[in-house]
Amino acid sequence: MANKPILAGNWKMNPTIAGDAAALLQGISDAARAQDRVTVAIFPPFVWLLGVLELLEGTGIELGAQDCFWEPSGAFTGEVSAAMLAGICSWVIVGHSERRAMGETDDVVARKAGAALAAGLSTIICVGENQAQHDAGDAGPVVEAQVRAALAECSADDSQRLVLAYEPVWAIGTGKNADPEHAYRQMRLIRDTAAGIIGAKAGARLRVIYGGSVNAANIDDYVELPQCDGCLVGGASLKADEFSAMIASTAGVYATAAQ
Ligand code: PGA
């Protein structure tokens, strides 16, 4: 495997109290420290980033933000730039479906991804079809178009810091995780599409991960897939014991694969 797999915990707009954020981090530290096969990254809300950063030392856990703005600075009330984040964290998520649902277009996602990569951040770009598109049999074309649009400002040089997350909208927060066979086909399409845009070598180097109702009971079904370089986890990343179990089992799967 060219790239180290990643297990990403997207905390979304949780927890609401700083002390709970610290406790959650402490609750997963032992599991993260106990392995080095998998990059563990957590994505707390902006307001907890600095506090969590102070507690990360010695854990091996990497820090990321859930979104960024493409302009480096200026009169953009409420926004946080990729350049600002680069001083605090090493990761950012762009194009999450919960942001797309609030009006974020493919063009906006592409600008954010371009700015994030240019700022030196490792960048997770989320793509995925919604329920209606899935039911209509359009999952492939929808995801392919999203990947094409999102990579508009990316180049082969970005591939080591680029992660494409297949997150079917209907699987997020619903408990209806995607059939691994479907996820596999979509992830292969995502990698092939990316390779067609930034080149075969870069396409092989970037990481493709799955997200959508992943938990300790089903994570092995995804990380065992040949195209899968890890998972993006929402709800289950807020439970320290469960996320710790996921870190351990993911590390175990990749350790076996490496033999
Ligand atoms: P979920 O969220 O694991 O709660 O389904 C995944 C995500 O939104 O990234």
Side-chain angles (χ1 to χ4, degrees), residues 5-16 20-21 24 27-28 31 38-46 48-49 61-68 89 91-104 109 112-113 116 121-131 133-134 139 142-143 146-147 150 162-180 182-183 186-187 190 207-223 225 228-250:
I6 173 174
L7 189 59
N10 174 12
W11 291 3
K12 307 192 179 183
M13 203 166 70
N14 302 291
T16 53
D20 290 350
L24 182 52
I28 62 169
V38 178
T39 296
V40 178
I42 52 165
F43 296 77
F46 285 129
W48 307 143
L49 286 175
I61 298 172
E62 299 185 10
L63 187 63
Q66 298 171 18
D67 187 29
C68 67
C89 37
W91 288 87
V92 70
I93 297 171
V94 299
H96 192 282
S97 64
E98 287 156 11
R99 300 210 57 84
R100 291 181 189 257
M102 289 188 283
E104 201 158 288
V109 175
K112 289 183 172 184
L121 292 164
S122 292
T123 304
I124 300 178
I125 305 175
C126 301
V127 297
E129 79 279 4
N130 65 27
Q131 184 77 65
Q133 292 160 336
H134 186 76
V142 166
V143 162
Q146 286 176 342
V147 171
L162 182 60
V163 178
L164 293 172
Y166 172 54
E167 291 218 307
V169 180
W170 46 270
I172 295 175
T174 59
K176 288 196 293 176
N177 56 303
D179 175 48
H182 171 77
Q186 291 289 86
M187 288 194 282
I190 287 168
R207 278 166 284 185
V208 182
I209 64 177
Y210 169 78
S213 296
V214 182
N215 57 36
N218 63 28
I219 190 162
D220 287 4
D221 296 342
Y222 300 101
V223 295
L225 294 171
C228 186
D229 301 313
C231 285
L232 178 53
V233 182
S237 74
L238 295 170
K239 300 175 198 151
D241 288 351
E242 178 146 19
F243 198 61
S244 294
M246 294 166 86
I247 294 170
S249 72
T250 305

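Remember, it's 1-based here, ligands and their atoms both numbered in the order they're listed. Positions are given from 1 along the sequence.
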Q: Less than 4.5 Å apart, any side-chain heavy atom of Leu24 and any of Ile42?
A: no
Q: With Phe43, which of Val233, Ile124, Leu49, Asp67 fulfils side-chain contact (heavy atoms from CB on, under 4.5 Å)?
A: Ile124
Q: Quick check: does any side chain N or O of Tyr222 sit under 3.5 Å from a backbone N or O of Ala178, one acting as donor and the other as acceptor?
A: yes
Q: Is the number of heavy atoms from other residues, nucleotides or ligands within 6.0 Å of CG (Asp20) greater than 12?
A: yes
Q: Give a table of atom pairs where an N or O of ligand 1 lies under 3.5 Å from a protein N or O.
A:
{"residue": "ligand 1", "atom": "2 (O)", "partner": "Lys12", "partner atom": "NZ", "Å": "3.2"}
{"residue": "ligand 1", "atom": "3 (O)", "partner": "Gly234", "partner atom": "N", "Å": "2.8"}
{"residue": "ligand 1", "atom": "4 (O)", "partner": "Gly235", "partner atom": "N", "Å": "2.8"}
{"residue": "ligand 1", "atom": "5 (O)", "partner": "Gly173", "partner atom": "N", "Å": "2.7"}
{"residue": "ligand 1", "atom": "5 (O)", "partner": "Ser213", "partner atom": "N", "Å": "2.7"}
{"residue": "ligand 1", "atom": "8 (O)", "partner": "Lys12", "partner atom": "NZ", "Å": "2.7"}
{"residue": "ligand 1", "atom": "8 (O)", "partner": "His96", "partner atom": "NE2", "Å": "2.6"}
{"residue": "ligand 1", "atom": "9 (O)", "partner": "His96", "partner atom": "NE2", "Å": "3.3"}
{"residue": "ligand 1", "atom": "9 (O)", "partner": "Glu167", "partner atom": "OE1", "Å": "3.2"}
{"residue": "ligand 1", "atom": "9 (O)", "partner": "Glu167", "partner atom": "OE2", "Å": "2.7"}

Q: So, Trp11 and Gln66: side-chain donor and acceptor under 3.5 Å apart, yes or no?
A: no
Q: Identify the two heavy atoms, one from Ser213 and one from Asn218, that lie closest to each other, and give their separation to 0.1 Å.
A: O-ND2, 3.0 Å
